[in-house]
A.B. asks: 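This is the structure I have questions about; it appears just below.
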2 protein chains.
Amino acid sequence: MQQDTRTALLDSAERAVRTRGFDGFSYADLANDVGIRKASIHHHFPTKAALSVALMKRYHEEFSLALARIDATSSSANLRLAAVIEHYKTALHGGKTLCLCVSLSTSLESLPPEVSIQISQFRAMIIEWLAKVFEDGAKQDTIRSVQNPSAEATAMLPLLEGAQLAARAQQDSGIFDAAVQLLKLRLAGP
Amino acid sequence: MQQDTRTALLDSAERAVRTRGFDGFSYADLANDVGIRKASIHHHFPTKAALSVALMKRYHEEFSLALARIDATSSSANLRLAAVIEHYKTALHGGKTLCLCVSLSTSLESLPPEVSIQISQFRAMIIEWLAKVFEDGAKQDTIRSVQNPSAEATAMLPLLEGAQLAARAQQDSGIFDAAVQLLKLRLAGP
DNA sequence: GTCTATACAAAGATAGAC
DNA sequence: GTCTATCTTTGTATAGAC
């Protein structure tokens, strides 16, 4: 029933980064959480910097998969947009956790330069996906008032991240809903 | 020419929190920056928790003053909204610093409960101000398509914060502009 | 109000046995 | 792959002299 240690460490570290920030947890915390000694962690991730890179790598891969799943299951653009909004809301865990990318962004100075690049790539990937959705939404007329799909996508990612941040700041996921409600009003009804 | 030590410490600490996060700096950093020994800091702020409270208190006061100045100098709602957008952009310092409130929000678990309350109050203050601006903008017709001023205000603060975050993530203040451009298009021209 | 000196705990990391 | 043991540095904080 027990998954491998490396995965357990990544899971624990991701939870920690997203709730307390990269400088807010230690190898001792992970060791305690996973049930091994902290020296053993260095076998999997020689440095905390290496761990941060591994975290972003996995996060990017899993997020890409999630978007692909949305593409596969939601036919029209309005449904795809609603699904990604829901994805960000779920990721909040009721106001406890942020997107990994947001959490790491605030601690950028404690991280290796490689993570900056990973974050840029992660953001570019999402914005590209969103732009495609807005483009489709304009064509299908399932998303209203779309003038410039690329501009919409560039503005929407910060809105989602800001909505998470705001919800977390007050530990209330209702604030996330309030922040995205104007956007949702532009989606064609069911 | 030298301001008092307490103020110098607050300045240094605010810069540190906004660039590296609350867990990303130490009393040693402050001491080095201000030019005293770290033991001396405890005379002004007995604990780091106390420092965080003092930081948020001053930030709230200064932000209120900035909004009052905008009210005093900008007559119409579109100009006031443009001014607060500009305020957030300036606060970025070219992609280096976040709003103190955003930075502290991500480290909430390392902070005394009092700071959570201060952050909520700070956010409520800004949202109230924004709602008034949207309300005026709708009446004057200097901000387009305003259906619900309160909803607009609730969505705009996360957008501004998310725009800062996004710009900082890639150390590029142009991203801030891109994130708020759709909003700006709704303001009446000069 | 600032200093030196120090306490004490926690941090990231390494060496080497099993 | 995990352990014990240890190193070194850094963190927050205190005591007491000046």
Side-chain angles (χ1 to χ4, degrees), chain A residues 1-58 100 103-104 106-115, chain B residues 1-56 58 103-104 106-115:
Chain A
M1 217 58 245
Q2 169 74 7
Q3 52 188 348
D4 66 287
T5 306
R6 188 190 145 89
T7 304
L9 285 169
L10 284 172
D11 289 346
S12 176
E14 183 176 322
R15 228 175 305 126
V17 173
R18 293 174 59 187
T19 51
R20 307 197 292 281
F22 188 73
D23 295 318
F25 77 99
S26 68
Y27 271 28
D29 296 325
L30 297 189
N32 201 50
D33 195 24
V34 169
I36 57 173
R37 295 307 177 133
K38 61 177 181 161
S40 311
I41 302 176
H42 290 276
H43 173 75
H44 301 278
F45 305 102
T47 63
K48 212 182 167 189
L51 171 59
S52 71
V53 172
L55 278 174
M56 257 320 282
K57 181 173 183 297
R58 187 179 74 154
L100 181 68
S103 251
L104 289 181
T106 59
S107 317
L108 223 55
E109 308 230 349
S110 315
L111 299 165
E114 188 172 351
V115 174
Chain B
M1 216 61 242
Q2 169 73 7
Q3 53 188 348
D4 67 287
T5 305
R6 188 189 145 89
T7 303
L9 285 169
L10 284 172
D11 290 345
S12 176
E14 183 176 322
R15 228 175 306 127
V17 173
R18 293 174 56 186
T19 53
R20 307 198 291 280
F22 188 73
D23 294 318
F25 77 99
S26 69
Y27 271 27
D29 297 324
L30 297 189
N32 200 50
D33 195 24
V34 169
I36 56 173
R37 296 307 177 130
K38 58 180 180 161
S40 311
I41 301 175
H42 290 276
H43 173 74
H44 302 278
F45 305 103
T47 64
K48 214 182 165 189
L51 172 59
S52 70
V53 172
L55 279 174
M56 258 318 285
R58 187 179 73 154
S103 252
L104 289 180
T106 60
S107 317
L108 223 54
E109 309 228 349
S110 315
L111 299 166
E114 187 171 353
V115 174

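Quick note on labels: first sequence line is chain A, next is B, and so on, each numbered from 1.
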A.B. asks: Apply salt bridge (Lys or Arg N to Asp or Glu O under 4.0 Å) to A:R58 and list each qualifying residue two or more places apart in sequence or on a separate chain.
C.D. replies: A:D11, A:E14
A.B. asks: Which whole-number value in Å describes the distance from B:D29 CG to D:dT9 P?
C.D. replies: 17 Å
A.B. asks: Contact class for A:F45 vs. all strands (heavy atom < 4.0 Å): base, sugar-phosphate, or nothing?
C.D. replies: nothing
A.B. asks: Going from CG on B:L30 to CD1 on B:I36, what distance comes out if it is rounded to the nearest 0.5 angstrom?
C.D. replies: 8.5 Å
A.B. asks: Donor-acceptor pair, B:K48 side chain versus B:F22 backbone, under 3.5 Å?
C.D. replies: yes
A.B. asks: Any protein N or O atoms within reach of nucleotides 1-3 of chain D? Criterion: under 3.5 Å, listing atom names and distances.
C.D. replies:
unit_1: D:dT2; atom_1: OP1; unit_2: A:T5; atom_2: OG1; d: 2.8
unit_1: D:dT2; atom_1: OP2; unit_2: A:H44; atom_2: NE2; d: 2.6
unit_1: D:dC3; atom_1: OP2; unit_2: A:R37; atom_2: N; d: 2.6
unit_1: D:dC3; atom_1: OP2; unit_2: A:S40; atom_2: OG; d: 2.8

A.B. asks: Where the side chain of A:S12 meets the backbone of A:A8, is there a donor-acceptor pair that is under 3.5 Å apart?
C.D. replies: no
A.B. asks: Within this structure, what is the CD1-to-P distance between B:I41 and C:dT4, rounded to whole angstrom?
C.D. replies: 13 Å
A.B. asks: Check A:L55, A:V53, A:L10 against A:F45 for a side chain to side chain contact (heavy atoms under 4.5 Å, CB included) and give me the one that passes.
C.D. replies: A:L10
A.B. asks: What's the NE2-P distance between B:H42 and D:dG11, to the nearest Å?
C.D. replies: 12 Å
A.B. asks: Assess whether a salt bridge exists between B:R15 and B:D33, defined as any Lys/Arg side-chain N lying under 4.0 Å from an Asp/Glu carboxylate O.
C.D. replies: yes
A.B. asks: Quick one: is A:S26 getting a side-chain N or O under 4.0 Å of the C:dA11 phosphate, OP1 or OP2?
C.D. replies: yes
A.B. asks: Between D:dT10 atom P and B:N32 atom CG, what is the distance in whole Å?
C.D. replies: 12 Å
A.B. asks: Just how far, in rounded Å, is P of C:dA10 from CZ of A:F25?
C.D. replies: 17 Å
